[in-house]
Amino acid sequence: MTFDKDKILQYCNQISENTLMRTLNITYTDAGEDFLVATMPVNPTVHQPMGLLHGGASVALAESVGSAASMLYVNSEISEVRGIEISANHLKAKRDGMVTATARIVHKGRSIHLWEIRITDEAGNLISLCKLTNMVLPKRKSDDK
């Protein structure tokens with residue numbers, strides 16, 4: 001398969017329509033053969049009551065970018081991806097601006113993908129460090145879901 005960054009980004013952003021990714025304004029912005037990058041604005045819509053980036057929003061960003069990255073490694077006609085475990089260490093508070101999540105593959109097996117997702121601010125400071133495990137499953141018929 002030929003790597004086409006523009007096609008990958010267009011695909012990831014297109015499949016995000018009418019999903020949580022749109023609700024959180026997550027946009028896929030960069031891709032490589034072993035990584036995928038997405039951004040999310042930090043504003044009151046993703047704050048917790050103390051006015052800081054909500055850890056759940058960070059985890060949603062991490063799972064979104066890591067799951068989309070796994071989808072790039074599988075044949076979507078015969079396989080689908082499911083997140084089965086995610087962990088996050090929130091290291092620095094963020095009140096506004098933009099965060100960037102970069103998912104890099106740690107392990108790419110036939111049935112399990114392990115991703116490290118680093119969420120950083122505009123200055124490159126580490127906001128959260130996440131680990132996502134995805135399972136690759138045979139695609140089910142739509143009435144089996």
Side-chain angles (χ1 to χ4, degrees), residues 1-43 45-48 52-95 97-145:
M1 178 174 115
T2 305
F3 180 80
D4 186 332
K5 176 179 156 178
D6 293 332
K7 248 187 202 174
I8 287 169
L9 294 175
Q10 180 181 7
Y11 170 75
C12 289
N13 285 307
Q14 179 183 353
I15 64 170
S16 297
E17 289 301 322
N18 300 312
T19 67
L20 179 64
M21 283 74 80
R22 277 299 155 259
T23 301
L24 298 177
N25 291 307
I26 294 170
T27 303
Y28 296 92
T29 59
D30 197 10
E33 294 194 10
D34 66 344
F35 72 92
L36 185 62
V37 178
T39 59
M40 180 178 72
V42 179
N43 56 46
T45 65
V46 295
H47 282 171
Q48 42 95 314
L52 303 171
L53 174 61
H54 194 292
S58 295
V59 170
L61 171 61
E63 185 157 0
S64 297
V65 73
S67 293
S70 273
M71 289 173 40
L72 301 176
Y73 283 120
V74 303
N75 179 343
S76 63
E77 293 180 14
I78 61 171
S79 298
E80 49 192 26
V81 173
R82 296 285 184 272
I84 59 172
E85 182 177 11
I86 189 162
S87 65
N89 294 99
H90 305 299
L91 306 170
K92 187 171 171 53
K94 180 86 171 136
R95 290 186 183 278
M98 186 73 69
V99 289
T100 300
T102 303
R104 291 195 181 276
I105 191 80
V106 174
H107 172 76
K108 182 178 78 169
R110 287 179 301 189
S111 60
I112 297 288
H113 294 172
L114 177 62
W115 294 91
E116 178 187 76
I117 301 105
R118 298 175 69 85
I119 300 176
T120 58
D121 66 11
E122 300 90 338
N125 297 310
L126 188 60
I127 303 298
S128 296
L129 180 62
C130 306
K131 182 180 76 172
L132 172 66
T133 305
N134 290 326
M135 179 179 282
V136 180
L137 299 168
K139 190 166 191 171
R140 297 181 190 181
K141 295 177 187 165
S142 60
D143 59 343
D144 291 343
K145 293 184 180 180

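Residue indices begin at 1 and follow the sequence shown. Below, all heavy atoms of this structure are taken into account, side chains as well, without hydrogens, waters or symmetry copies.
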Going by atom type alone, with no hydrogens or angles, which donor-acceptor pairs under 3.5 Å involve a side-chain atom of residues 13-24 and a protein atom two or more places apart or on another chain?
unit_1	atom_1	unit_2	atom_2	d
N13	OD1	Y28	N	2.9
N13	ND2	L9	O	3.0
N13	ND2	Y28	O	3.0
S16	OG	C12	O	2.8
E17	OE2	R22	NE	3.0
T19	OG1	S16	O	2.4
T19	OG1	M21	N	3.2
R22	NH1	I26	O	2.8
R22	NH2	N13	O	2.9
T23	OG1	T19	O	3.4

If you look at every heavy atom in [X] and [Y], which pair is closest and at what distance?
{"X": "A62", "Y": "I86", "answer": "CB-CD1, 4.1 Å"}
{"X": "V81", "Y": "S67", "answer": "CG1-O, 4.3 Å"}
{"X": "A93", "Y": "L52", "answer": "CB-CD2, 3.9 Å"}
{"X": "A101", "Y": "V65", "answer": "CB-CG1, 3.9 Å"}

Check: I84 and I112 side chains under 4.5 Å, non-hydrogen atoms: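 They are in contact (side-chain heavy atoms under 4.5 Å apart), so the answer is yes.
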Would you say that H54 contacts V59 through its side chain, given a criterion of any heavy-atom pair below 4.5 Å between the two side chains?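 Result no, sub-4.5 Å side-chain heavy-atom pair not found.
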Between side-chain atoms of residues 127-135 and protein atoms elsewhere (two or more places apart, or another chain), which donor-acceptor pairs fall under 3.5 Å?
unit_1	atom_1	unit_2	atom_2	d
S128	OG	H90	ND1	2.8
N134	ND2	G66	O	3.3
N134	ND2	S70	OG	2.9

Separation between [atom1] of [X] and [atom2] of [Y], rounded to the nearest 0.5 Å:
{"X": "I117", "Y": "S58", "atom1": "CD1", "atom2": "OG", "value": "11.5 Å"}
{"X": "E122", "Y": "M98", "atom1": "CD", "atom2": "CE", "value": "7.5 Å"}
{"X": "I78", "Y": "E80", "atom1": "CD1", "atom2": "CD", "value": "11.5 Å"}
{"X": "M40", "Y": "L53", "atom1": "CE", "atom2": "CG", "value": "5.0 Å"}
{"X": "I105", "Y": "E116", "atom1": "CD1", "atom2": "CD", "value": "11.5 Å"}
{"X": "W115", "Y": "K108", "atom1": "CH2", "atom2": "NZ", "value": "8.5 Å"}

Start with the C-alpha gap between R95 and V42, add the side-chain angles, then the distance that decides, and say whether side chain to side chain contact (heavy atoms under 4.5 Å, CB included) holds. CA-CA 7 Å; R95 290 186 183 278; V42 179; 5.8 Å; no
Return the set of residues passing side chain to side chain contact (heavy atoms under 4.5 Å, CB included) with T120 (not counting sequence neighbours), or none when no residue passes.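 Per chain and number, T120 pairs via side chain to side chain contact (heavy atoms under 4.5 Å, CB included) with T100, L126.
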